[in-house]
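Input: a single structure, listed below in structure tokens.
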Amino acid sequence: MIRPELQRPTGTQDILAPQSWRFEKFRRIALDTAKAYGFDLIETPVFEQSAVFLKVGESTDIVQHERYAFTDVGGDDLTLRPEGTAAVARAYIQNGLYNEPKPLKVVYWGPMFRRERPQAERYRQHTQFGAELYGSEDPAADAEIILLACRVVERTGLKDPDVRINSIGCVDCRPAYRQALIEYYTERRAELCQDCQNRLEKNPLRLLDCKVDVVVRATAPDLSTFWCEACRTHIEAVTAAIGATGRAIRRDPFLVRGLDYYTRTVFEVGHPSLGPNTALFGGGRYDGLTGAMGGPESPAVGFGMGIERMLSALGTALTPDPQRGAYVANLPGFQTHAIAVAESLRGEGFAVDYDVMGRSLKAQLRDASRRAAVVVIIGGEEWERGVVEIKDFSSGEQQAIGRHDLGSYLRHHLERDSDGGTTA
RNA sequence: GUGGAUGUAGCUCAGCUGGUUAGAGCACCAGGUUGUGGCCCUGGGGGUCGGGGGUUCAAGUCCCCUCAUUCACCCCA
């Protein structure tokens, strides 16, 4: 392979067709679904003042160690956003969205940046679709968020998502659990892997995440025995609401999440095709975030969904059919006429292509057979008579028709297609 | 940040124990009719064998370094 001097940065990708169209198709489904669920679209900058993310992630790796941070020429300390929630929370506060009728329901779509070592289904720039619901403490809000995500998963065609949920408690009950966990693990410190020994110091809840010390973990204190009454009824109500829609959801007692602004509900969704540690989407409740960021206290829930992973789990689903329109070929000297005809047909909404290489008719036809369903040949004495030859590649049949009848011919022989190269 | 694997044409790969001008398939371009595609035939373009250094009479083939990719851990979507 040629090694150009200029290569894309590590962990990034060039998304070429047809994958690029799959992204677009997914985006359309996601946003249409969100709209039908009463969510509005919000777009925030891809970079923020670094403080926006630093404030919310004291023990969060993606904030602490994986930031793409830079100082611009004016001396501002900025960070490429590693996740959507903090950025949306900032926008929520700054735009006074807490004064809007409650609840506030928004979705976002865009690239996220984390300087990790790339591996399967993990990139330094990836795309996330996410939703946030502000203003409600009710379990129905948690359910609404999870249901939206599930619906998008279903509508894009993904089968058998593994939906797991847990509650990490609240300020009232979590401290006691945390203490119990520390005591339990401290007694068994010698049995722990190096990572867990570090976790014990930094973020004890994550001890539950470990895949190595499963033996120690098996007899660790269970979160559910520490839930306060409010937390217990909350997660039970969320679970019941999801279950009532006929969707499978199971409690995962070891599920905790990396972003440390979560309270109560946390959830994560995986898929058999991706391996146990690769989440398709995940999220939870974060009632304290806006307050911690200096805004009014607003309960909130949200999720973030990794599009690359979704598309990967989807296999070949969402792959658009190749564009099958018309190709306008020209005989020598008739290129100008061909362009005019092509543009006219395009104006009627047909997918139309033509030669821009000045090629022979033979070469044009070869190209046309790859790109189009039918070819229209412009030129010769037919053109003088107001007639064009039109050939259908699938049947090989060719006929002469009046050039003003082209539109009606194509209407009967082509699917009209103006949605950017995709056909459902 | 840690560990493993891999790097030969656009793509998928061959190149035996180091030995003349580095190959195949696919893809691309052209020709095989003066105005007609798909199949077939012929021809063509395209590689400083990731880069640098070393060993050797001789290296794509051996050694070292480096870069990149990839997989796992960490962490996460």
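To find a chain, count down the sequence lines: A is the first, B the second, and so on, and within it residues start at 1.
Spacing between B:C40 and B:G35 at atom P, rounded to whole Å, works out to 25 Å. Separation of the P atoms belonging to B:A59 and B:C16 is 16 Å when rounded to the nearest angstrom. Distance noted for atom P between B:G25 and B:G60: 24 Å (whole Å). Using atom C1' as the reference point in both B:G51 and B:A68, the two lie 10 Å apart (nearest Å). Rounded to a whole angstrom, the distance from the P atom of B:C29 to that of B:C39 is 13 Å. Between B:U56 and B:C63, the two C1' atoms lie 12 Å apart (nearest whole Å).
With centroids closer than 5.5 Å and planes inclined by less than 30 degrees as the test, A:His65 and the base of B:G1 fail to qualify as a stacked pair.
Using the six-membered ring where Trp is involved, A:Phe334 and A:His337 have ring planes that are tilted, between 30° and 60° apart.
Across all strands, A:Phe281 comes closer than 4.0 Å only to sugar-phosphate atoms, never to a base (heavy-atom distances). Across all strands shown, A:Thr127 has no heavy atoms under 4.0 Å from either base or sugar-phosphate atoms. Across all strands, A:Gly396 comes closer than 4.0 Å to base atoms (heavy-atom distances). As judged by a 4.0 angstrom heavy-atom cut-off over every strand, A:Ala329 is placed among residues making no nucleic acid contact. Residue A:Glu382 is in base contact, counting any heavy-atom pair closer than 4.0 Å across all strands shown. Within 4.0 Å of A:Arg366, counting heavy atoms only, lie sugar-phosphate atoms of the nucleic acid but no base atom. Using a 4.0 Å heavy-atom distance criterion, A:Glu66 is classed as a sugar-phosphate-only contact. Residue A:Arg359 is classed as a sugar-phosphate contact, given heavy-atom separations below 4.0 Å to backbone atoms only.
In summary, the aromatic rings of A:Tyr92 and A:Tyr134 are positioned with their centroids under 6.0 Å apart. Checked against the 6.0 Å centroid threshold, A:Phe47 and A:Tyr68 do not count as a close aromatic pair.
Taken to the nearest 0.5 Å, the CZ atom of A:Arg188 stands 9.5 Å off from the CG atom of A:Leu192.
Toward the 5′ end of RNA chain B lies the nearest nucleotide of A:Met357, the other residue of the pair A:Met357 and A:Leu365 mapping further downstream. Heavy-atom nearest nucleotides on RNA chain B were determined for A:Phe393 and for A:Ser360, and the one closer to the 5' end corresponds to A:Ser360.
Both the sub-6.0 Å distance and the 45° axial angle are not jointly satisfied by A:Arg346 relative to the ring of A:Phe350. In this structure, A:Arg217 is positioned above the aromatic face of A:Phe254, its NZ or CZ under 6.0 Å from the six-membered ring centre and within 45° of the axis.
A donor-acceptor contact under 3.5 angstrom links the side chains of A:Ser50 and A:Arg67, judged on distance only.
Of all the residues in residues 107-118 of chain A, A:Arg114, A:Glu116, A:Arg117 reach under 4.0 Å from RNA chain B with at least one non-hydrogen atom. Listed by residue number, the members of residues 368-377 of chain A with any heavy atom below 4.0 angstrom from RNA chain B are A:Ser369, A:Arg370, A:Ile377.
With hydrogens and angles left out, the side chain of A:Glu389 and the base of B:U36 share no donor-acceptor pair within 3.5 Å. For a distance-only test at 3.5 Å, the side chain of A:Lys362 fails to qualify as a donor-acceptor partner of the base of B:G31.
The side chain of A:Gln119 places an N or O atom within less than 4.0 Å of a non-bridging phosphate oxygen (OP1 or OP2) of B:A72. An OP1 or OP2 oxygen of B:U36 is reached within less than 4.0 angstrom by no side-chain nitrogen or oxygen of A:Gln364.
Of all non-hydrogen atoms in A:Arg285 and A:Arg264, the two that sit nearest each other are CD-CB, 4.3 Å.
When both pairing distances are held under 3.5 Å, B:G25 makes a Watson-Crick or G-U pair with B:C11.
Residue pairs meeting the salt bridge (charged side-chain N to carboxylate O under 4.0 Å, His left out) criterion with at least one member in residues 356-365 of chain A, sequence neighbours excluded, are A:Asp355-A:Arg359, A:Arg359-A:Asp367.
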